[in-house]
J.: 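I'd like to ask some things about the structure below.
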2 protein chains.
Amino acid sequence: MMIRAPGANPTGRADRPKQVYEQLRDLIVHGRLAPGSRLVETDIAKRFVVSRTPVRGALQRLQQEGYILDSPSMRQSRPTVAPLTLEDARELFSIVGELEGLAGRAAAALPQAKRSSLAKELIAINQDFRKAAAVPRPNHNRLFDLDERFHRRYVEVAAGPRLLALHQAVKPQAERYERLYVSFLSNEIQISAREHEAIINAIEVGKPTAAHGAVQTNWHNAAERLGRVIKRAGERGRW
Amino acid sequence: MMIRAPGANPTGRADRPKQVYEQLRDLIVHGRLAPGSRLVETDIAKRFVVSRTPVRGALQRLQQEGYILDSPSMRQSRPTVAPLTLEDARELFSIVGELEGLAGRAAAALPQAKRSSLAKELIAINQDFRKAAAVPRPNHNRLFDLDERFHRRYVEVAAGPRLLALHQAVKPQAERYERLYVSFLSNEIQISAREHEAIINAIEVGKPTAAHGAVQTNWHNAAERLGRVIKRAGERGRW
DNA sequence: TACTCCAGTTTTGTATCCACTTCCCAATGC
DNA sequence: GCATTGGGAAGTGGATACAAAACTGGAGTA
């Protein structure tokens with residue numbers, strides 16, 4: 001009897017919209033697709049060697065998540081890469097702070113055993129984070145990655161399916177700003193690490209409200225710090 | 001000079017995916033498409049007299065927003081209408097509470113003039129709400145509509161584009177539960193109206209934190225009240 | 001010179017076709 | 001009698017063909 005793996009497509013022909021989506025998203029996040037760029041279905045299709053059908057799906061998703069937008073002014077209703085502005089960053093960070101705050105609150109309301117194992121994990125990540133920031137020329141990718149892992153961890157553990165999905169859709173958009181941020185502010189990372197400790201502590205001792213507040217504070221301050229960078233560097237369409 | 005309305009399509013040939021999306025969403029929200037129902041592209045296409053292409057777009061959007069989900073056991077990956085559960089309601093309400101809380105906070109941070117005109121509007125809506133609930137056999141649709149308008153108003157005024165978009169995507173899902181709720185709990189509407197007053201007051205006097213808290217309280221309590229209804233009525237796949 | 005109008009080209013939106021997967025059911029063999 | 005398997009049916013995902021709309025540039029005119 002021949003077994004045809006039921007749903008497991010090792011890498012063969014997984015759903016292409018998702019692949020296109022992920023690659024486009026990475027291009028946007030890493031700035032290789034500059035803000036304001038127009039996205040043309042046929043070009044993308046050619047580039048990824050697929051037809052327009054899966055591209056359309058990917059674009060729709062990107063648009064719904066806010067990476068691209070149908071230009072606001074009356075003219076040119078073609079999809080363009082969303083711009084990077086201070087105002088947008090503020091709003092985005094406050095939303096992420098609120099969503100993760102919700103997860104932080106839930107994490108602090110978990111049974112004691114789970115809380116303490118989670119806290120242990122978070123401490124380990126945060127220490128790596130601290131160490132990575134302490135070396136002479138910090139690796140920005142690594143710093144970003146550790147910060148991201150820190151936040152993701154407690155969300156994964158504590159959030160329900162809806163919050164998780166929302167977080168996964170919204171949070172990566174902050175990456176566009178965070179990458180900018182981390183490359184300019186690696187000296188302020190220590191402050192961020194201290195804020196992380198406040199989060200860990202609130203979770204560990206089981207204070208939901210404090211955890212919520214600590215998460216929000218972290219994101220609020222991040223927005224402030226980022227604001228200084230943007231002011232200094234100017235809001236640029238491309239970097 | 002002849003002006004050819006640039007993007008404004010009065011009603012002519014609006015995008016069909018959106019129409020299909022809205023109609024399907026209404027069917028789901030009003031329970032005419034029972035939770036668990038399988039949605040078949042070809043059937044829908046026939047029903048709305050369009051081809052499968054726009055239907056596909058609509059389904060994709062519905063799935064992304066959480067109205068439908070791919071059935072878990074690698075069946076034919078056919079999308080089904082999301083079920084209604086108490087746990088889901090709790091999570092959903094807490095998310096909406098958090099998002100609207102953010103908007104409430106922003107509303108309370110507006111300049112005084114805007115705050116007071118907003119407060120005036122909200123008071124008017126809330127009084128209609130109260131009155132509509134006070135009559136012998138309240139009109140459920142009207143009650144729902146007024147509550148919805150109340151919340152939407154301060155979000156529209158105070159939220160930025162991102163928060164607004166998120167709210168519009170998430171909030172309507174609560175409608176599935178709220179319609180159930182309002183038809184069973186019209187006698188508790190007065191309590192809800194009082195909670196609304198706390199929100200209005202916090203916005204009027206400009207206390208962002210209090211506004212945030214008042215909004216969250218309203219949603220938290222709504223989830224509690226809804227929980228009692230569901231417990232009493234049983235979690236039903238269809239109603 | 002600036003503005004309008006028009007035609008060509010680009011790009012999106014819709015319909016249809018094809019391939020592949022999954023599902024259901026019935027016939028068959030143990 | 002029951003499990004297995006094979007074949008058709010149903011359905012989705014991808015590609016392509018076609019139509020409609022929008023942007024482009026340029027030519028003509030006030």
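Below, chains carry the letters A, B, ... as their sequence lines are ordered, and counting in each starts from 1.
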J.: Within less than 4.0 Å of OP1 or OP2 of D:dG14, is there a side-chain N or O belonging to A:T53?
T.: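 The answer is no; no side-chain N or O of A:T53 sits under 4.0 Å from OP1 or OP2.
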
J.: Find the distance B:R16:CZ to C:dA15:P and express it as a whole number of Å.
T.: 5 Å

J.: In this structure, how many angstroms lie between the P atom of C:dT21 and the CG atom of A:D15, rounded?
T.: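 From A:D15 CG to C:dT21 P: 14 Å.
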
J.: Let's see if you can work this out: which of C:dT12, D:dG11, D:dG14 has an atom nearest to the side-chain heavy atoms of B:T42?
T.: D:dG11

J.: Checking side chain to side chain donor-acceptor pair (under 3.5 Å) against A:E175, which of A:K171, A:R179, A:Q173 comes through?
T.: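 Single side chain to side chain donor-acceptor pair (under 3.5 Å) partner of A:E175 among A:K171, A:R179, A:Q173: A:R179.
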
J.: Within the 4.0 Å heavy-atom criterion, would you say A:I44 contacts the bases, only the backbone, or no part of the nucleic acid?
T.: nothing

J.: NZ of B:K18 versus P of C:dT14: gap in Å, rounded?
T.: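 Distance, rounded to whole Å: 13 Å.
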
J.: Taking only the side-chain heavy atoms of B:V50 (C-beta and beyond), determine which of C:dA15, C:dT12, D:dT24 contains the nearest atom.
T.: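 In terms of side-chain proximity for B:V50, the closest of C:dA15, C:dT12, D:dT24 is C:dA15.
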
J.: Show your working on side chain to side chain donor-acceptor pair (under 3.5 Å) between B:Y21 and B:Q60 and close with a plain yes or no.
T.: CA-CA 9 Å; B:Y21 160 79; B:Q60 198 182 344; over 6 Å; no

J.: Can you tell which of D:dT12, C:dT11, C:dT14 lies closest to the side chain of B:P54?
T.: C:dT14

J.: Verify whether the ring centers belonging to A:H196 and A:F129 lie closer than 6.0 Å.
T.: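 For A:H196 and A:F129, the ring centres are under 6.0 Å apart.
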
J.: Counting side-chain heavy atoms from C-beta on, which of D:dG14, C:dT16, D:dA22 comes nearest to B:S51?
T.: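 From the listed options, C:dT16 comes nearest.
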
J.: For A:Y21 and D:dG14, what is the distance between atoms OH and P respectively, to the nearest whole Å?
T.: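 Going from A:Y21 (OH) to D:dG14 (P), I get 17 Å.
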
J.: Roughly how many Å is it from CG in A:D43 to P in C:dT10, rounded to a whole number?
T.: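 It is 11 Å, rounded to the nearest whole Å.
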
J.: Please report the distance, rounded to the nearest Å, between CZ in A:R78 and P in C:dT10.
T.: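 Roughly 14 Å, once rounded to whole Å.
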
J.: C:dC17 P sits how many Å from B:R56 CZ, rounded?
T.: 14 Å

J.: With a 3.5 Å cut-off and heavy atoms only, can you find an N or O donor on one side and an acceptor on the other between the side chain of A:R52 and the base of D:dG14?
T.: no

J.: Just checking A:H151 against A:H167, ring centres under 6.0 Å apart?
T.: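 Judged by ring-centre distance (under 6.0 Å), A:H151 and A:H167 do not meet the cut-off.
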
J.: How about A:H220: does its NE2 atom have over 12 heavy atoms from other parts shown lying under 6.0 Å from it?
T.: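 Not buried by this count: 12 neighbours or fewer within 6.0 Å.
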
J.: Rounded to the nearest angstrom, tell me the gap between atom CG in A:L59 and atom P in C:dG13.
T.: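 Value for this atom pair: 10 Å.
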
